[in-house]
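Step one of this worksheet: look at the structure below.
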Amino acid sequence: MTGFRSYMDLALDQARAAAQRGEVPVGAVIVSPEGRIVAQTGNRTRELSDPTAHAELLAIRAACAALGRERLTGHDLYVTLEPCPMCAAAISFARIGRLYYGAADPKSGGLGQGPRLYAHPQCHHVPEVYDGLGETQSAQLLKAFFAERRY
């Protein structure tokens, strides 16, 4: 049996890169059941002029394209911020096995906050969810990013 290995450091790197591009600093990494990184990216909503270009959706799209299928059964997703309802639904549709996220999102979160999407009986697939992984670093990135924009 192998021990747990976190990929949150890579998600944080993607979040930092997003901030450098002027995007809200959220990063995501998808890892195969064998521990291979399948996709990693950060938010690109401004760059792509696309309100759906959240890190989670971009990572899911890239992983599905790389694997040639629409489901990511058994894969892990690491994301620096609690997924919004749109991303939470996509995670469910993709059949992600485990979701690890950093900071909670009281304003726009879809899991521990707001609609609590995975608690609804209409949700067909619920991944295992682990929160608070890299929470301090994720929250600090977000606070610093928004502090620069709110003088």
Side-chain angles (χ1 to χ4, degrees), residues 1-19 21 23-45 47-48 50-143 145:
M1 176 181 222
T2 59
F4 172 75
R5 174 176 178 210
S6 173
Y7 292 82
M8 189 59 79
D9 56 334
L10 297 176
L12 286 161
D13 288 345
Q14 291 295 325
R16 288 182 195 99
R21 294 189 303 271
E23 302 279 357
V24 174
V26 178
V29 176
I30 295 180
V31 181
S32 75
E34 301 78 34
R36 185 175 56 86
I37 297 165
V38 180
Q40 56 183 322
T41 191
N43 275 356
R44 293 184 181 278
T45 59
E47 176 185 338
L48 299 175
D50 179 355
T52 70
H54 291 197
E56 302 94 308
L57 288 182
L58 294 174
I60 288 169
R61 290 174 187 154
C64 288
L67 298 171
R69 59 180 192 248
E70 78 277 13
R71 296 211 171 139
L72 301 170
T73 306
H75 287 67
D76 295 344
L77 170 61
Y78 293 81
V79 63
T80 57
L81 182 65
E82 175 184 352
C84 71
M86 172 183 69
C87 292
I91 291 163
S92 177
F93 295 152
R95 304 297 195 266
I96 295 285
R98 283 176 299 278
L99 166 64
Y100 300 91
Y101 71 85
D105 187 354
K107 182 179 175 188
S108 301
L111 305 179
Q113 322 290 322
R116 301 177 196 270
L117 189 80
Y118 297 151
H120 288 265
Q122 296 89 350
C123 185
H124 297 291
H125 170 76
V126 177
E128 293 176 34
V129 178
Y130 303 92
D131 62 346
L133 188 64
E135 180 176 15
T136 301
Q137 302 94 314
S138 297
Q140 287 172 344
L141 274 174
L142 289 158
K143 285 176 187 169
F145 178 82

Revision key, fill the gap. Value for OG (Ser92) from CG (Leu99), rounded to nearest 0.5 Å, stands at 11.0 Å
Practice item. Check whether more than 12 heavy atoms from other residues, nucleotides or ligands sit under 6.0 Å from atom CZ of Phe93, and answer yes or no. Key: no
Exercise for review: Check for a donor-acceptor pair, side chain of Tyr100 on one end and backbone N or O of Gly134 on the other, with a separation under 3.5 Å.
Suggested key: no
Study note, to complete from the structure: Taking every heavy atom of Val79 against every heavy atom of Met8, the minimum-distance pair comes out as O-CE, 3.4 Å
Point to revise | pair Thr45-Glu23: side-chain heavy atoms closer than 4.5 Å | key: yes
Solution key, residues 53-72 side-chain donor-acceptor pairs under 3.5 Å, sequence neighbours excluded:
residue	atom	partner	partner atom	Å
His54	NE2	Pro51	O	3.3
Arg61	NH2	Thr52	OG1	3.2
Arg69	NE	Arg71	O	3.0

Point to revise | Contacts of Asp9 that satisfy side-chain hydrogen bond (donor to acceptor under 3.5 Å, both in side chains) - sequence neighbours left out | key: none
Check your understanding: Do Leu142 and Pro25 have side chains that get closer than 4.5 Å, going by heavy atoms?
Key -> yes
**Study point:** Separation of Met86 CE from Ser108 OG (nearest 0.5 Å)
**Key:** 10.5 Å
Check your understanding: If you measure from CD1 on Ile96 to SG on Cys87, what distance do you get to the nearest 0.5 Å?
Key -> 11.5 Å
Check your understanding: Can you tell me how far the CG atom of Leu81 sits from the CD atom of Glu135, to the nearest 0.5 Å?
Key -> 10.5 Å
**Study point:** Over all atoms of both residues, closest heavy-atom pair of His125 and Ile91
**Key:** CD2-O, 4.5 Å
Revision key, fill the gap. To the nearest 0.5 Å, atom CZ of Arg98 lies from atom CG of Asp76 at 4.0 Å
**Study point:** Shortest non-hydrogen contact from Tyr118 toward Cys123
**Key:** CD2-SG, 3.6 Å
Check your understanding: Taking atom CD1 of Ile30 and atom OG1 of Thr41, what is their separation to the nearest 0.5 Å?
Key -> 10.0 Å
Point to revise | Geometric class of the Phe4/Tyr78 ring pair [parallel <30°, tilted 30-60°, perpendicular >60°] | key: tilted
Review point. So which heavy atom on Arg16 is nearest to which on Leu141, and how close?
Key: CG-CD2, 3.7 Å
Revision key, fill the gap. Of all heavy-atom pairs linking Asn43 and Arg21, the shortest is O-NH2, 2.8 Å
Practice item. Give a yes or no answer on whether the side chain of Glu82 reaches the backbone of Leu111 with a donor-acceptor pair at less than 3.5 Å. Key: yes
Check your understanding: Closest approach of Gly112 and Tyr101, non-hydrogen atoms and distance?
Key -> N-OH, 4.3 Å
Review point. Under 3.5 Å, is there a donor-acceptor pair between the side chain of His75 and the main chain of Thr73?
Key: yes
Point to revise | Heavy-atom neighbours of His124 NE2 exceed 12 at 6.0 Å | key: no
